[in-house]
Amino acid sequence: MKVAVVGAGVIGVTTAVMIKRTFPHLSVTIFGEVFTPNTTGDGSAGLWGPYILGDTPSEDVLRWAGGTHRWLEELWRSGLAPEAGICLVPVYRVTSDSKGYPKPIWSSLVYGCHELSPELLKKINIEQKSNYSGGWHFLTYTVEPTLLLPWLLKEFKTRGGIVIKRKIKSFEEFKMEGYDIIINCSGLGARILAQDTEVHPIRGQVCRVDASWQFEVHLSDDDNGNYIIPNMNSVVLGGTHQAGDYNLQVSQEDSNFILKGCYRMSPALQKSRILKEWVGLRPGRMQVCLKLEILRSKNGENYLVIHNYGHGGSGVTLSWGCAQDVVKILKKKIFAKSKL
Ligand SMILES: Cc1cc2nc3c(=O)[nH]c(=O)nc-3n(C[C@H](O)[C@H](O)[C@H](O)COP(=O)(O)OP(=O)(O)OC[C@H]3O[C@@H](n4cnc5c(N)ncnc54)[C@H](O)[C@@H]3O)c2cc1C
Ligand SMILES: *[C@@H]1O[C@H](CO)[C@@H](O)[C@H](O)[C@H]1NC(C)=O
Ligand SMILES: *[C@@H]1O[C@H](CO)[C@@H](O)[C@H](O)[C@H]1NC(C)=O
Ligand SMILES: CC(=O)N[C@H]1CO[C@H](CO)[C@@H](O)[C@@H]1O
């Protein structure tokens, strides 16, 4: 059996590793046009947290995000954090919404999640010149895709996985090359490749600075909110989320918004050095698409596709949990009926 994984972003790579680990004798090949350090995840801070997921059902979000959280915990605890780029960080997640911030559905997945007291909220509002109506404090992980992806690709290759840099024009190519199963992890590329016009770009611009003293995450869920997310060797300041915008150039207007907002939240950041500005296009969708589909090729043969795309602002957060579901589909629906 030959499996083709389309996509070398955080979704494709985690899925491919998971398949190779579970079914060591399968031939698994990753096809990608873009590889790390140039994928959508590479510019992100990789903070764990459901964000911009349309109306993806809560039980799916919890299962996928929970699977990833437990995986990060395992890696962190077993001392693999430096290679895989994982940090355990304290997070303040706040809102200015007049309804306040109801208890997040994912609160039991993170560590020590508790609501900010009115006193603390008041202090933060004075310090940050803000008007937050509610928020939560907890600990969770960041996992930097620029470190995670090379580390996972190395494991994939060590286990005999094949990696090919190539643009796929049509899924029919795979049938011709003798692949039995295609896993569709093409992110925004699914718009063209899978003719799914529901997938659309949600542009995000961020700025990386050198601020070794900044350990806390501050994240505002407001529409015009900013965020500060420390990674191992730099701190990510954000950010924008512009739906339908394909512009990959750094915009001066966005830079001003990011720096002004983050300097207001944490004035000490004015002393930090700007390392890099970056733009990425999140694969937005009303719901994450993760399902098996049997398609018919031009010459009338059936072939199997498992879709795994459209992870919006949470691709890193959902990656491992989604990969687990792809493997579940392979086990139950495909390999149960055929001899490997
Ligand atoms: C500014 C910003 C900050 C973010 N912060 C976070 C965060 O803190 N936490 C979090 O969880 N998420 C975050 N995200 C979201 C996260 O980055 C994305 O959800 C995730 O990277 C999507 O991964 P992906 O693998 O689906 O897509 P991509 O990384 O875009 O990968 C798609 C892959 O498919 C390949 N492909 C597509 N079409 C074809 C084709 N026709 N032929 C061959 N290959 C093809 C591409 O070349 C690429 O390899 C952030 C995003 C942005 C922009
Ligand atoms: C990433 O992009 C840069 C700039 O376009 C390019 O030089 C580099 O080869 C790319 N890296 C990979 C691994 O494709
Ligand atoms: C803060 O929010 C409250 C309640 O939503 C509102 O009445 C007030 O005007 C806001 N203050 C500022 C400074 O924006
Ligand atoms: C060939 C292929 O995989 N196409 C499918 C990708 O996903 C979308 C959305 O589910 C389908 O409509 C395509 O047929």
Side-chain angles (χ1 to χ4, degrees), residues 4-16 30-53 61 64-65 68-69 72 89 91 140-146 148-150 152-153 163-171 173-174 182-196 199 201-208 217 219 227-231 236-242 245 248 250 254 258 277-285 288-290 307-323:
V5 176
V6 185
V10 68
I11 299 298
V13 172
T14 48
T15 304
I30 298 177
F31 290 88
E33 190 185 1
V34 176
F35 279 84
T36 183
N38 298 332
T39 75
T40 309
D42 280 292
S44 88
L47 174 67
W48 185 96
Y51 182 65
I52 320 185
L53 280 169
V61 172
W64 295 331
T68 306
H69 207 273
L72 296 177
V89 290
V91 182
T140 188
Y141 299 99
T142 55
V143 53
E144 290 168 58
T146 39
L148 178 72
L149 291 178
L152 285 175
L153 281 169
V163 175
I164 298 176
K165 191 165 166 47
R166 185 171 112 196
K167 182 174 175 119
I168 304 300
K169 289 193 195 72
S170 136
F171 286 110
E173 290 170 36
F174 292 119
I182 300 154
I183 321 281
N184 176 355
C185 306
S186 53
L188 189 57
R191 191 177 166 92
I192 298 155
L193 197 56
Q195 285 145 30
D196 182 353
V199 192
I202 302 173
R203 180 182 179 276
Q205 182 172 321
V206 289
C207 176
R208 261 183 204 270
V217 174
L219 175 69
Y227 59 78
I228 300 168
I229 308 174
N231 276 163
V236 177
L237 309 182
T240 67
H241 50 97
Q242 296 128 323
D245 189 343
L248 279 167
V250 168
D254 291 340
I258 291 165
E277 292 185 280
W278 180 86
V279 175
L281 305 178
R282 302 174 182 90
R285 201 168 183 279
V288 174
C289 180
L290 200 164
H307 301 291
N308 186 11
Y309 64 85
H311 298 79
S314 314
V316 182
T317 306
L318 304 183
S319 60
W320 199 253
C322 285

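Numbering of ligands and ligand atoms starts at 1, following listing order.
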Suppose we measure from atom 2 (C) of ligand 1 to each protein heavy atom; which comes out shortest, and what is that distance?
R282 NH2, 3.7 Å
Should D196 and R285 be marked as a side-chain contact (heavy atoms from CB on, under 4.5 Å) after you check the CA-CA gap, both sets of side-chain angles, and the distance that decides it?
CA-CA 10 Å; D196 182 353; R285 201 168 183 279; 2.9 Å; yes
For atom 35 (C) of ligand 1, which protein heavy atom lies nearest, and how many Å away is it?
G7 CA, 3.7 Å
One should read off an interatomic distance between E144 CD and N231 CG, to the nearest 0.5 angstrom, of 3.5 Å
Test log, rule side-chain contact (heavy atoms from CB on, under 4.5 Å), inputs V236 and W278
CA-CA 10 Å; V236 177; W278 180 86; over 6 Å; no
Starting from atom 49 (O) of ligand 1, which protein heavy atom do you reach first, and at what distance in Å?
V34 O, 2.7 Å
Sub-4.0 Å atoms of ligand 2 with respect to non-hydrogen atoms of T36
13 (C)
Is there a donor-acceptor contact under 3.5 Å from the side chain of W320 to the main chain of T14?
no
Test side-chain contact (heavy atoms from CB on, under 4.5 Å) on V61 and L53 and set out the steps.
CA-CA 9 Å; V61 172; L53 280 169; 4.1 Å; yes
Could a heavy atom of G313 be found less than 4.0 Å from some atom of ligand 1?
yes
Heavy atoms only: which of I11, L47, I229 is nearest to atom 8 (O) of ligand 1?
L47
Should V10 be counted as touching ligand 1, given the test is an N or O pair under 3.5 Å?
yes
Are any of the N/O atoms on K167, whether in the backbone or the side chain, positioned under 3.5 angstrom from an N/O atom of ligand 1?
no
Roughly how far apart are Y141 OH and T317 OG1, rounded to 0.5 Å?
14.0 Å
Short N/O distance, under 3.5 Å, between T317 and ligand 1?
yes
Say whether, by atom type as modelled, one donor and one acceptor occur between the side chain of S314 and the main chain of Y51 under 3.5 angstrom.
yes
How far does NZ of K165 sit from CD1 of I30, to the nearest 0.5 angstrom?
13.5 Å
To the nearest 0.5 Å, what is the distance between CD1 (I11) and CG (N184)?
11.5 Å
Measure the distance from atom 38 (N) of ligand 1 to every protein heavy atom, then report the residue, atom name and distance (to 0.1 Å) of the closest one.
G189 CA, 3.6 Å
Within the 4.0 Å heavy-atom shell around G280, which atoms of ligand 1 are there?
53 (C)
Picking from V316, T68, L47, V10, what satisfies side-chain contact (heavy atoms from CB on, under 4.5 Å) with V143?
V316
Tell me whether the rings of H307 and Y309 are parallel (<30°), tilted (30 to 60°) or perpendicular (>60°).
perpendicular
Could you identify the single nearest non-hydrogen protein atom to atom 1 (C) of ligand 2 and state the distance to 0.1 Å?
N38 ND2, 1.4 Å
Nearest 0.5 Å please: distance from the CD1 atom of I183 over to the CG atom of N308.
8.5 Å
Just jot down the ligand 1 atoms closer than 4.0 angstrom to any heavy atom of G315, in number order.
11 (O), 12 (N), 15 (C), 16 (C), 18 (C), 19 (O), 20 (C)
Does ligand 2 have any atom that is closer than 4.0 Å to a heavy atom of V34?
no
Name the closest protein heavy atom to atom 41 (N) of ligand 1, giving the residue it belongs to and the distance to 0.1 Å.
I168 O, 2.9 Å
4.0 Å heavy-atom contact, R166 with ligand 1:
yes
Which residue in the set K167, R166, K169 passes salt bridge (charged side-chain N to carboxylate O under 4.0 Å, His left out) when paired with E33?
K167
Within-cut-off N or O pair, V316 and ligand 1, under 3.5 Å
yes
For atom 5 (O) of ligand 2, is some protein heavy-atom partner under 4.0 Å away?
no
I would like to know whether V206 and I229 meet side-chain contact (heavy atoms from CB on, under 4.5 Å); could you show each step before the answer?
CA-CA 11 Å; V206 289; I229 308 174; over 6 Å; no
Is there a heavy atom of C185 sitting under 4.0 angstrom from any atom of ligand 1?
yes
Does V206 have a non-hydrogen atom less than 4.0 Å from ligand 1?
yes
Distance, nearest 0.5 Å, that separates CG of L72 from OG of S319
7.0 Å
Just which atoms of ligand 1 are under 4.0 Å from any heavy atom in T39?
29 (O)
What's the shortest distance from atom 44 (N) of ligand 1 to any protein heavy atom, and which residue and atom give it?
E33 N, 3.1 Å
Going by distance only, is there an N or O of A8 that falls short of 3.5 Å from an N or O of ligand 1?
yes
Which is closest to atom 15 (C) of ligand 1 by heavy-atom distance: G312, G41, S44?
G312
Tell me which protein heavy atom sits closest to atom 28 (P) of ligand 1, plus the residue, atom name and distance to 0.1 Å.
T40 OG1, 3.4 Å
Are any non-hydrogen protein atoms located under 4.0 Å from atom 9 (O) of ligand 2?
no
Check: L281 N/O within less than 3.5 Å of ligand 1 N/O:
no
What residue and heavy atom of the protein are closest to atom 31 (O) of ligand 1, and at what distance?
G9 CA, 3.5 Å
Would you check if the side chain of R282 reaches a backbone N or O of R203 as a donor-acceptor pair within less than 3.5 Å?
yes
